Amino acid sequence: MWKWLHPYAKAERAYQLCNTLLPYFTVFTVVCLVVGWVWGLAYAPADYQQKDSYRIIFIHVPSAILSMGAYSSMAIAAIVALVWQLRNAELAVVAIAPVGAAMTVIALVTGAAWGKPMWGAWWVWDARLTSELILLFLYLGVLSLYHAFEDKKSAGKAACILAIVGVINLPIIHFSVEWWNTLHQGATITKFDTSAIDPSMLWPLLINIVAFAGFVGVVTLIRLKNEILQREKHRPWVRDLVSRG
Amino acid sequence: MKASHSYWQLFCAVYCKDLTLAFRQRAEIVNPLLFFLIVITLFPLAIGPEPALLSRMAPGIIWVAALLSTMLGLDKVFRDDFNDGSLEQLIASSYPLPLSVLAKVLAHWTITGLPMVLMAPVFALLMNLDTQLLTATLLTLLIGTPLLSFIGAIGAALTVALQKGGILMSLLVLPLYIPVLIFATSAIDTSSMSLAYGGQLAILGAMLAVAAVMAPLAISSALKVSVS
C-alpha cells in the first residue's frame, strides 16, 4: 500500500489527484443533493405530529453527522502528517477544518431553528447540543492556532498536534456532557432510532447524508488544491500551471 | 553529550530550578491566588449574598475561578525558558524531553495548583460551605488541579513561539477543561446531597493518570514544533 501511496506525497501528484477526483465528486454531489432535497423537502410524507417542520432533519442530521465525520478525518490526516511527516496530509488538515466548522455551524443553526417551534426555545442545554458546541470550539481552536503562526510549516504541525489532542478528548467530553445532563435534568430528547423512522423518510435522509459527505469532499478537494498551490507557489510546476493559464 | 546523570537527577534539577525561580519572584505565586480570591469575591457581589444561594453555586464558582487562575500562570511555564534559550538546551540534550516536561508541569502545579488547594478552606468559608462540602472541594481540587496543569501545558507549548499566545492559549485549552469541570462540580454536588462521590473522584483520577502519561508526549512534540 505504501508503494501505491508514496507518489502522492509529492505535491504535484496530489494536486493532479485532486483534479481527477473533483469532477466525479461534483457530479455525484449535485445529483444526490438535488434528488435528496427534492425528495425530502417536497415528496416525503409529513410527520403526523411535527407536520412539515420535521423536514429540517434532511439538512440538520447530515450536517451533524458530517461535522463529526470531518473531525475524525481531520484527526486521521493529522496522525498521518505527524507519523509519516507527509506535508500534504498537513495541508489536508488545514483544508478540512473550516469545512467541518461550517458543518457544525449549519447543524447548530438548523437545530436551533427546529428547536424553537418544537421545544419552545432556541437553545437548550442538552447533552448533544452542548457537545456539538464544544466541537465547534475545537474546530475554531485548530483554525486560530494555524492562522496565528507566521511560519506555515510549524503552523501545520501545531494544528495537527491540537487536532489529535482534540480527538482524544472528544469522546471524554461527549460522555461527560451526556452524563452531566442526565444527572441534572431528567428530561431527555427522544433519540432518532434509524429503525423507528419510516422508510419513506429514511431513504431521502440517507441520500442527503451521502450528498453532504460528497459536498464536504468537493469543498475539501478545492481547498486542498488551493493550499497546495499556495504552499508550492515557488515551484516550477506551479509557475508552468499559472503561465499556461 | 553523554548522559552522566540519572533520569531522577534530571527530574529533580528541572523541578527545583523552576521552584527556585518562582520563589525568587513571589508575585508569580501570589498573583494567581489573589486573582482566584477576587473572582470568588465578585460572585456574591454579582448574584447577591444569600447564604443558601451561595452554597448552591459555590462548587461551580470555585471551580470556574480555579480554571481561570490556572490559565494565568500557564503562559509562564515555557515562555521564560523559551526566551532565554534553555528550552532549546533541554530539547537538544540527550535526556528524554517528556521527563523534563513532566518536571516542569509538576513544578507549575506546585506553584499555582497546590496553593489553591491549601487556600480552599478559606474560600469555602467565604462561600458558606460546610465541612462535608469542604472535604469534597478539597479532594476534587487536589486531583483536578494537576490535571488542569497537564492539559493546559499542551496549549502553552503550542503557543509558546507566538508573540501574543496568551488569549489564543485560553481558547485552545478551556474547551478541553470541560470534562474536569463537569466531574469535579458534580462530585461536590453529590456530596452536598450526602451521597457517595467516589465515582466522580475515580474518573478524575483516571483522567489524571491518562493525562500524566500522554500529556508530556504531546507537550514535547508541541515544544519541538515551536522551537524549530
Side-chain angles (χ1 to χ4, degrees), chain A residues 71 75 78-79 81-83 85 90 97 101 104 125 127 130-185, chain B residues 60 147 150-190 193 195 197 199-200 203-204 206-208 210-211 213-215 217-228:
Chain A
Y71 198 95
I79 292 171
L82 286 186
V83 173
Q85 300 286 325
E90 255 170 53
T104 321
W125 285 100
T130 315
S131 37
E132 192 75 6
L133 186 65
I134 298 167
L135 183 68
L136 180 66
F137 293 156
L138 291 180
Y139 272 123
L140 295 183
V142 171
L143 279 174
S144 47
L145 184 66
Y146 179 76
H147 290 290
F149 276 86
E150 286 282 313
D151 173 26
K152 288 304 168 206
K153 230 172 145 183
S154 30
K157 284 212 177 99
C160 287
I161 294 176
L162 188 65
I164 294 173
V165 171
V167 88
I168 294 173
N169 265 280
L170 212 52
I172 303 178
I173 294 175
H174 182 78
F175 286 114
S176 65
V177 167
E178 214 149 78
W179 196 75
W180 154 78
N181 179 52
T182 48
L183 194 84
H184 277 247
Q185 31 178 295
Chain B
L147 193 49
F150 274 115
I151 301 174
I154 301 177
L158 282 171
T159 53
V160 73
L162 304 172
Q163 285 301 317
K164 289 171 188 156
I167 289 189
L168 178 63
M169 184 189 63
S170 11
L171 293 184
L172 304 184
V173 165
L174 283 176
L176 302 178
Y177 277 173
I178 290 169
V180 187
L181 182 68
I182 289 176
F183 285 112
T185 50
S186 110
I188 305 178
D189 266 351
T190 317
M193 292 180 261
L195 298 171
Y197 52 92
Q200 284 93 323
I203 292 180
L204 277 179
M207 290 200 283
L208 176 60
V210 172
V213 175
M214 307 280 276
L217 300 175
I219 297 167
S220 314
S221 48
L223 284 178
K224 279 179 193 156
V225 170
S226 291
V227 167
S228 66

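Chain letters run A, B, ... following the sequence lines, proteins first, then strands; residues in each count from 1. Nothing here was measured: the structure is a model prediction, and the numbers come from that model.
- Note on I134(A), L145(A), I172(A): by heavy-atom pairs under 4.5 Å with chain B, the leading option is L145(A).
- F137(A) contributes atom CZ, which lies 13.0 Å from atom CG of L172(B) (distance to the nearest 0.5 angstrom).
- The contact between L176(B) and chain A is made by backbone and side chain atoms together, counting heavy-atom distances below 4.5 Å.
- Using a 4.5 Å cut-off between heavy atoms, L158(B) contacts chain A through both its backbone and its side chain.
- When heavy atoms are compared at a cutoff of 4.5 Å, I161(A) approaches chain B solely by way of its side chain, counted from C-beta outward.
- In this structure, chain A has no heavy atom under 4.5 Å from any part of M169(B).
- In terms of heavy atoms, L162(B) sits closest to A148(A) at CD2-O, 3.4 Å.
- When each of L170(A), L162(A), V142(A), D151(A) is checked for heavy-atom pairs under 4.5 Å with chain B, L162(A) comes out on top.
- Across A157(B), P179(B), S221(B), S226(B), the residue that shares the most heavy-atom pairs under 4.5 angstrom with chain A is P179(B).
- Only the side chain of I168(A) has a heavy atom closer than 4.5 Å to any heavy atom of chain B.
- In this structure, I182(B) CD1 and T130(A) OG1 are separated by 8.0 Å, a value rounded to the nearest 0.5 Å.
- Here the shortest heavy-atom pairing between A218(B) and V165(A) reads CB-CG2, 4.3 Å.
- The two residues L138(A) and P175(B) come nearest to each other via the heavy atoms CD2-CB, 4.1 Å.
- One distance of note links CD1 of I167(B) with OG of S144(A); it measures 11.5 Å at 0.5 Å rounding.
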